[in-house]
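See structure below.
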Amino acid sequence: MLLVVDLEVTTLGVRRNDETLSKNAVRLMALANEEMVQQKLPGTARFLGAVLVTLGALPVLAKMVGYQFLPSADWVATTTIPGIFGGVAFAAGMLWLTCKSKYRIRGSEIKKAAALLGWPFIGYFFGNNTVVFAGPMILAIIAGHQVELPYTVVDPGRYGTSECRSPVELRDVPFLFNSLCRVPDELRRGLEPGGRIIVIGRGTSLGLYAEGLRRAD
């Protein structure tokens, strides 16, 4: 008999676990949009930039309201190279904005240097997310249905943290979104690194909003 586990408790744990990350993501979105206004970019460029920043923040915003989206392993593999290009392009844009606005950064030269180095990494995160997450997330909302997708377990035995206890870490899912929290021990004991699980939820073949999971046949 297959064991099916409800992920409602996991969803609540994810929300708490990513509260700081979510707040920072919203703050970074606001700062990026403000900077585009400060630089007096054309209206079309500001609109496009705001859309791209919002799309890049979608997976974090979804977790903030209690929904964890998992892109399928096949989709992640397909978008690896495009995701890198998207991340690099977005990082370059953020570096350009940072260089243009460094005179407004208060503090020492070290703080300015940290901003110059940090914003491109943040830009890469948003750009990569736009490619890997945005399309499948929107499609799952518009045309999604109940689906089951396979994932490979990396580590089912980690203790986790106070915000994400009893996690099951998944392979081939982007960092920060690759752990399912509060999975019952009776399921975790039957899992091994490299083993397979089936995650259940609303979505498409490109990814789903996780609602439950079971061991693979």
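Note that this is a predicted model, so its numbers are computed, not measured. One-based numbering along the sequence shown. Side chains are part of it too, since the values below use all heavy atoms of this structure and drop only hydrogens, waters and symmetry mates.
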Atom pair CD1 (Ile142) and CE (Met137), whose distance is rounded to the nearest 0.5 Å:
12.0 Å
CZ-CG distance between Phe177 and Leu170, expressed to the nearest 0.5 angstrom
13.5 Å
Are Ile84 and Phe175 linked, directly or through intermediate hydrophobic residues, by side-chain heavy-atom contacts shorter than 4.5 Å (ILVMFWY only)?
no
Does the side chain of Val153 reach to within under 4.5 Å of the side chain of Glu192, using non-hydrogen atoms?
no
May I ask you to test the Phe85-Thr79 pair for a side-chain heavy-atom distance under 4.5 Å?
no
In the structure I gave you, are the side-chain heavy atoms of Leu187 and Leu213 within less than 4.5 Å of one another anywhere?
yes
Among the clusters formed by ILVMFWY side chains lying less than 4.5 Å apart, do Leu55 and Tyr67 turn up in the same one?
yes
Leu180 and Ala210 have their tightest heavy-atom pair at CD2-CB, 4.4 Å
d(Ile200 CD1, Leu149 CG) to nearest 0.5 Å is 10.0 Å
Tell me whether Tyr151 shares a hydrophobic cluster with Val147, the cluster being built from Ile, Leu, Val, Met, Phe, Trp, Tyr side chains joined at under 4.5 Å.
yes
Distance-minimising heavy-atom pair for Tyr124 and Val88:
CD1-N, 3.6 Å
Say whether, by atom type as modelled, one donor and one acceptor occur between the side chain of Arg188 and the main chain of Pro156 under 3.5 angstrom.
yes
Could you tell me whether the side chain of Asn128 and the main chain of Gly83 form a donor-acceptor pair under 3.5 Å?
yes
Side-chain heavy atoms of Val199 within contact of Leu208, under 4.5 Å:
yes
Restricting to non-hydrogen atoms, name the atom on Ala216 and the atom on Ile198 that form the minimum distance, rounded to 0.1 Å.
CA-CG1, 4.0 Å
Decide whether Val131 and Ile122 are clustered together by the hydrophobic rule: side chain heavy atoms of Ile, Leu, Val, Met, Phe, Trp, Tyr closer than 4.5 Å, transitively.
no
I need the Leu139 CG to Thr204 OG1 distance, nearest 0.5 Å.
4.5 Å
Look only at the side chain of Ser72 and the backbone of Ser205, and say whether a donor-acceptor pair between them is shorter than 3.5 Å.
yes
Flag, side chain of Thr130 to backbone of Gly56, donor-acceptor distance under 3.5 Å
yes
Nearest non-hydrogen partners of Asp172 and Ala73, listed with the distance
CB-CB, 4.2 Å
To the nearest 0.5 Å, what is the distance between OG1 on Thr54 and CG on Leu61?
8.0 Å
For the backbone of Gln146 and the side chain of Arg202, can you confirm whether one donor and one acceptor N or O come within less than 3.5 Å of each other?
no
So, do Arg196 and Arg215 sit near enough that their side-chain heavy atoms are less than 4.5 Å apart?
no
The test is side chain to side chain contact (heavy atoms under 4.5 Å, CB included); show your working for Leu206 and Asp74 and say whether it passes.
CA-CA 8 Å; Leu206 303 182; Asp74 289 342; over 6 Å; no
Would the Phe90 and Phe125 ring centres measure less than 6.0 Å apart?
no
Stepwise side chain to side chain contact (heavy atoms under 4.5 Å, CB included) check, Val173 with Val76:
CA-CA 7 Å; Val173 178; Val76 172; 5.7 Å; no
Taking C-beta and beyond as the side chain, do Val168 and Leu191 meet within less than 4.5 Å on heavy atoms?
yes
Are any side-chain N or O atoms of Trp75 and backbone N or O atoms of Val132, one a donor and one an acceptor, separated by less than 3.5 Å?
yes
Pairwise side-chain contact, Tyr209 with Ile141, heavy-atom cut-off 4.5 Å (strictly under):
yes
Would you kindly confirm whether Phe121 and Phe126 end up in one hydrophobic cluster when ILVMFWY residues are joined by side chain heavy atoms under 4.5 Å apart?
no
Donor-acceptor pair, distance only, cut-off 3.5 Å: does the side chain of Glu148 make one with the backbone of Gly201?
no
Heavy-atom pair with the smallest gap, counting every atom of Ala140 and Gly203:
CB-CA, 3.7 Å
For the residue pair Phe133 and Pro59, establish whether any side-chain heavy-atom pair is separated by less than 4.5 Å.
yes
